[in-house]
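Notes follow once the structure below has been shown.
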Number of protein chains: 2
Amino acid sequence: MARTQGSHSELTAPRIRAAALKLFARHGYAAVSMRQIAKDVGLQAGALYNYTPDKQSLLAELMRAHMEDLLAARAEAASAQLAPLEALAGFVRFHIGFHIERPEEVFIAYMELRALEPDNFADIEALRRRYEDELEAILRRGAAAGVFAVEDPKIATLAVIAMLTGVNTWYRAGGRLSLEEVEEIYWGMVRRAVGA
Amino acid sequence: MARTQGSHSELTAPRIRAAALKLFARHGYAAVSMRQIAKDVGLQAGALYNYTPDKQSLLAELMRAHMEDLLAARAEAASAQLAPLEALAGFVRFHIGFHIERPEEVFIAYMELRALEPDNFADIEALRRRYEDELEAILRRGAAAGVFAVEDPKIATLAVIAMLTGVNTWYRAGGRLSLEEVEEIYWGMVRRAVGA
DNA sequence: CTTTGATTTGAACGCCTGTTCAGTTAAGAC
DNA sequence: GTCTTAACTGAACAGGCGTTCAAATCAAAG
């Protein structure tokens with residue numbers, strides 16, 4: 001069995017994912033061809049099919065990996081026994097920090113949902129809902145404890161996430177504000193928005 | 001001079017725009033072909049070129065029309081002499097009402113910016129900035145008057161707009177909440193978020 | 001050094017792309 | 001009823017699409 005060690009595949013696979021991530025984020029899934037991805041990696045288009053069954057799976061895998069990273073990182077950062085206010089602060093800072101570090105993945109995850117075939121769409125959507133449920137649970141706990149004044153926890157969840165994810169539309173590393181300052185400003189707005 | 005009245009072009013032009021709007025919103029600009037648009041209208045692809053110089057202009061015109069509608073509707077609804085709190089309430093209700101009525105235009109305006117060639121991109125971006133400046137002016141006036149507690153008016157502007165526009169991701173006509181209820185919930189969150 | 005098989009090439013497949021344009025159709029003007 | 005011309009068709013253009021696959025390449029195992 002040759003090429004089990006030093007095989008190119010262990011290097012090529014992540015390079016293909018990186019190229020696809022970059023190009024999908026920049027131009028959109030439909031506007032990027034397999035030949036463009038291959039060229040970016042330094043391969044012929046046919047070689048990509050050693051690593052993905054088709055273009056759709058390449059996209060779906062990028063999105064699935066991102067959402068699973070998100071849930072795993074969140075599981076590590078969260079602590080269920082925190083009081084609602086501290087839990088919310090933790091969520092806000094986590095969300096901003098995680099998303100700001102992965103602008104390409106986030107862009108794709110929000111923009112290319114419509115490019116997913118039904119099965120893949122359902123999978124990704126389920127992962128997203130699991131993440132949203134974490135914030136919703138915090139808001140419900142806080143509302144039940146009388147610490148938050150949220151009229152509709154479900155909508156407050158979506159509103160807060162939309163506001164936080166919006167950071168990615170303007171934040172640039174090395175810009176006017178540091179990550180910590182951004183987290184502080186948004187935490188202030190979220191805290192007041194939920195009436196805490 | 002034949003066909004000056006009863007000409008098809010006065011009917012065909014808006015039908016082409018409507019078809020392009022629907023298809024671009026549903027599948028994305030890059031994923032929609034001129035033949036698909038033509039088929040939706042009931043024409044051959046070549047006939048589209050009596051109404052648009054090319055596919056790119058068709059997209060750019062849809063986006064420009066939407067942004068100009070937005071600014072015109074806003075100009076009509078706004079009244080500069082309102083106190084900051086009332087002005088903000090007016091902006092929030094206007095934004096939600098306007099955007100909820102035009103889900104396809106809004107979707108395209110936010111998702112297809114990257115599909116625009118540089119000149120078109122700059123045009124649309126300038127229109128968007130003009131709209132954002134209206135909210136920013138309200139927040140600055142309120143902050144100066146001590147009515148609002150916004151640490152960074154520019155970021156608060158983007159945060160509020162992101163939150164409000166997020167309504168379009170979940171709102172469906174005939175759903176659990178009426179437009180008025182949605183406006184009320186979001187106005188509550190925005191009012192508290194800016195410390196009013 | 002030969003063998004093995006993972007990896008990649010390069011050409012080909014059928015189909016679709018945006019756009020052009022000579023020719024056809026048909027509505028209104030005279 | 002003829003003329004004019006806007007509106008549209010249908011075919012063609014050159015090129016790109018996702019995907020397949022026999023053949024070539026080449027690193028490691030024996």
Side-chain angles (χ1 to χ4, degrees), chain A residues 1-21 23-24 26-63 108 112 114-120, chain B residues 1-21 23-24 26-63 108 112 114-120:
Chain A
M1 214 191 308
R3 294 235 190 172
T4 51
Q5 265 189 345
S7 166
H8 283 186
S9 82
E10 289 165 18
L11 301 168
T12 305
R15 292 183 66 211
I16 290 173
R17 286 195 295 270
L21 187 74
L23 293 170
F24 287 166
R26 198 164 299 178
H27 308 292
Y29 172 75
V32 173
S33 72
M34 294 298 269
R35 284 172 179 82
Q36 285 174 58
I37 297 170
K39 187 175 184 183
D40 200 85
V41 181
L43 291 174
Q44 295 297 317
L48 299 180
Y49 291 84
N50 291 322
Y51 300 93
T52 181
D54 48 35
K55 190 188 175 189
Q56 166 77 198
S57 304
L58 188 49
L59 173 65
E61 264 315 302
L62 288 175
M63 293 178 68
I108 292 175
E112 299 298 353
R114 64 180 163 192
L116 292 176
E117 290 161 8
D119 285 2
N120 289 327
Chain B
M1 213 188 311
R3 293 231 190 174
T4 51
Q5 264 189 347
S7 165
H8 285 189
S9 82
E10 289 165 20
L11 300 167
T12 305
R15 292 184 66 212
I16 290 173
R17 285 196 294 271
L21 186 74
L23 292 170
F24 288 166
R26 200 165 298 177
H27 308 292
Y29 172 75
V32 173
S33 72
M34 294 299 268
R35 283 171 180 83
Q36 284 173 56
I37 296 169
K39 187 175 184 184
D40 200 85
V41 181
L43 292 175
Q44 294 297 317
L48 299 181
Y49 290 84
N50 291 323
Y51 301 93
T52 182
D54 49 34
K55 189 187 177 190
Q56 166 76 199
S57 304
L58 188 49
L59 173 64
E61 265 315 302
L62 288 174
M63 292 177 68
I108 291 175
E112 300 297 353
R114 65 178 164 194
L116 292 176
E117 289 161 8
D119 285 1
N120 290 326

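Nothing here was measured: the structure is a model prediction, and the numbers come from that model.
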Rounded to whole Å, CG of Leu11(A) lies from P of dA6(C) at a distance of 17 Å
Nucleotide dG5(C), atom P - distance to CG of Asn50(A) in whole Å
16 Å
Nearest whole Å is fine: how far is dT17(C) P from Leu23(B) CG?
12 Å
Would you list the pairs meeting salt bridge (charged side-chain N to carboxylate O under 4.0 Å, His left out) in which at least one residue belongs to residues 34-55 of chain B, sequence neighbours left out?
Lys22(B)-Asp40(B)
Given protein heavy atoms under 4.0 Å, the one-letter contact record of nucleotides 18-23 of chain D, with B base, S sugar-phosphate only and - none, is simply BBB---
Against the side chain of Gln36(B), the closest entry in dT17(C), dC8(D), dT9(C) is dT17(C)
Which heavy atom of Ala115(A) sits nearest a heavy atom of Gln56(A), and at what distance?
O-NE2, 3.0 Å
Tell me the interatomic distance from Leu58(B), atom CG, to dT17(C), atom P, rounded to whole angstroms.
15 Å
Locate the shortest heavy-atom distance separating His27(A) from Val32(A); write the atom from each residue and the value.
CB-CG2, 3.8 Å
Are Thr12(A) and dT8(C) close enough that a side-chain N or O sits under 4.0 Å from OP1 or OP2?
yes
Leu43(A) CG - dA6(C) P separation (whole Å):
18 Å
Leu48(A) atom CG is separated from dT9(C) atom C1', nearest whole Å, by 12 Å
Heavy-atom side-chain proximity of Met63(B) to Leu116(B) below 4.5 angstrom
yes
Does dG10(D) have OP1 or OP2 under 4.0 Å away from a side-chain N or O of Gln44(B)?
yes
State, yes or no, whether a side-chain contact exists between Ile16(A) and Leu43(A) at a heavy-atom distance under 4.5 Å.
yes
Can you list the residues that meet the salt bridge (Lys or Arg N to Asp or Glu O under 4.0 Å) rule with Arg114(B), with sequence neighbours excluded?
Glu112(A)
